[in-house]
There are 2 protein chains.
Amino acid sequence: MEDVLRSLGFLCLGSRMKRIGEQLQADTQRVLDRLDMRIQSSQYPLLAALDRLGPLPVGELAQSLGVAQPGVTRSVALLAELGLVEVNPSEEDQRRRIVSLSRDGRRLVDQAKRDIWPGIENAVADLCADLSGPLLGQLAAIEDRLAATPLHRRAENARVVAP
Amino acid sequence: MEDVLRSLGFLCLGSRMKRIGEQLQADTQRVLDRLDMRIQSSQYPLLAALDRLGPLPVGELAQSLGVAQPGVTRSVALLAELGLVEVNPSEEDQRRRIVSLSRDGRRLVDQAKRDIWPGIENAVADLCADLSGPLLGQLAAIEDRLAATPLHRRAENARVVAP
DNA sequence: CAATGTTATATATCAAGTTATAGACTTATG
DNA sequence: CATAAGTCTATAACTTGATATATAACATTG
């Protein structure tokens, strides 16, 4: 069966990148599920942002993640519910709400940085290894490789190779 | 403000590709809005699939687009509502419902192929022109270029260059 | 050939993004 | 200094993807 998005090339590049991104996220989720993590893969970037940049107001968090503010408001509400982040009003400006990692969130991030993220990063790096040339060709190669060996298998192998 | 997804590299490649895809779709939508098209940019791949492959049952349509079947069922219902596709039960197998372009759908696709898609394709090709090297670098270049000159501006220019 | 299993589609629910807008607070100005 | 304008966050409504499951039609088999 012809892959129409691939055939259409640049015309549907947006749909195609979205599709690849979704598959990567879903595969990553599988890896996390096996490790008994209780949050969605899509929440990690927010936690990583707080880890890298320290406490941030909602708007700057959205900007640093490159998403719209309401999405961050919702994610923050969810993570606060789980006890992974804390939200405090800013002292200088009562409109701003400063988001920071809670103790549990700190622990989760530290564990992820040590035990989980390296494996995922290696798996994705493996997936993209030795790619070069035009973008569309690289995307096709990624799709083919993912179909041949899903990410969670690569994560296992990668973990063996990089202890 | 640091772009966290970019800093995290392979670890968040899925989120990042999704983000780029969404921006491309949104920008494409802007181009279409200006041209008074009444459907969403995300529906075009389905119409293009029917155009390329002819009438197809729902499942094969999903497969050719690389998305899950319920998404196609929903899109088809929407496009049928708009009168752009028709759905008929298969004769051999009463479970299958064959989707095809209606007369209006045919006309829309023909018009799009003639007047609209080339401009979009050129704009995206322009966006990706002269890219080479590692994937992450190309993605960063695309993000930078999109930020500098949004797609709808490129579409205008591309149309002038390629009559 | 009835019962069981399989397949195709529809439906329900969820997730995570979007835009538009409202409400609270801050800043600027006449 | 009161009011107007602006900024920050939350909420509502929508989009578009996903998975899980129900239903209906077909296929197989004891």
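Just so we're on the same page: letters track the sequence lines, and every chain starts at 1.
Across the interface with DNA chain C, nearest-nucleotide mapping of G71(A) and E92(A) shows G71(A) to be the residue nearer the 5′ end. Taking the nucleotide of DNA chain C with the nearest heavy atom to each of S42(A) and Q69(B), the more 5' of the two is matched to Q69(B). Two residues, G59(A) and S15(A), neighbour DNA chain D, and the one matched to the more 5' nucleotide by heavy-atom proximity is G59(A).
For a distance-only test at 3.5 Å, the side chain of R74(A) qualifies as a donor-acceptor partner of the base of dG17(C). In the interface, the side chain of R95(B) is paired with the base of dT7(C) through a donor and an acceptor atom under 3.5 Å apart.
Using a 4.0 Å heavy-atom distance criterion, P70(B) is classed as a base contact. Backbone-only engagement by V67(B) is indicated by non-hydrogen atom pairs under 4.0 Å involving sugar-phosphate atoms exclusively.
For the pair Q29(A) CD and dG17(D) C1', the interatomic distance rounds to 15 Å; values are reported in whole Å. For M17(B) and dA16(C), the CE to C1' distance is 18 Å, given to the nearest whole Å. Atom CD of Q94(A) is separated from atom P of dC8(D) by 15 Å (rounded to the nearest Å).
Distance SG/C12(A) to CZ/R19(A): 9.5 Å, rounded to 0.5 Å.
Using modelled atom types and a 3.5 Å distance limit, the side chains of Q25(A) and S42(A) yield no donor-acceptor pair.
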side-chain contact (heavy atoms from CB on, under 4.5 Å) assessment of D126(A) paired with N122(A)
CA-CA 6 Å; D126(A) 176 53; N122(A) 284 337; over 6 Å; no
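Using a cutoff of 4.0 Å between basic side-chain nitrogens and carboxylate oxygens, R106(A) and D51(A) are scored as salt-bridged.
Residue Q43(B) places at least one side-chain N or O closer than 4.0 Å to OP1 or OP2 of dT16(D).
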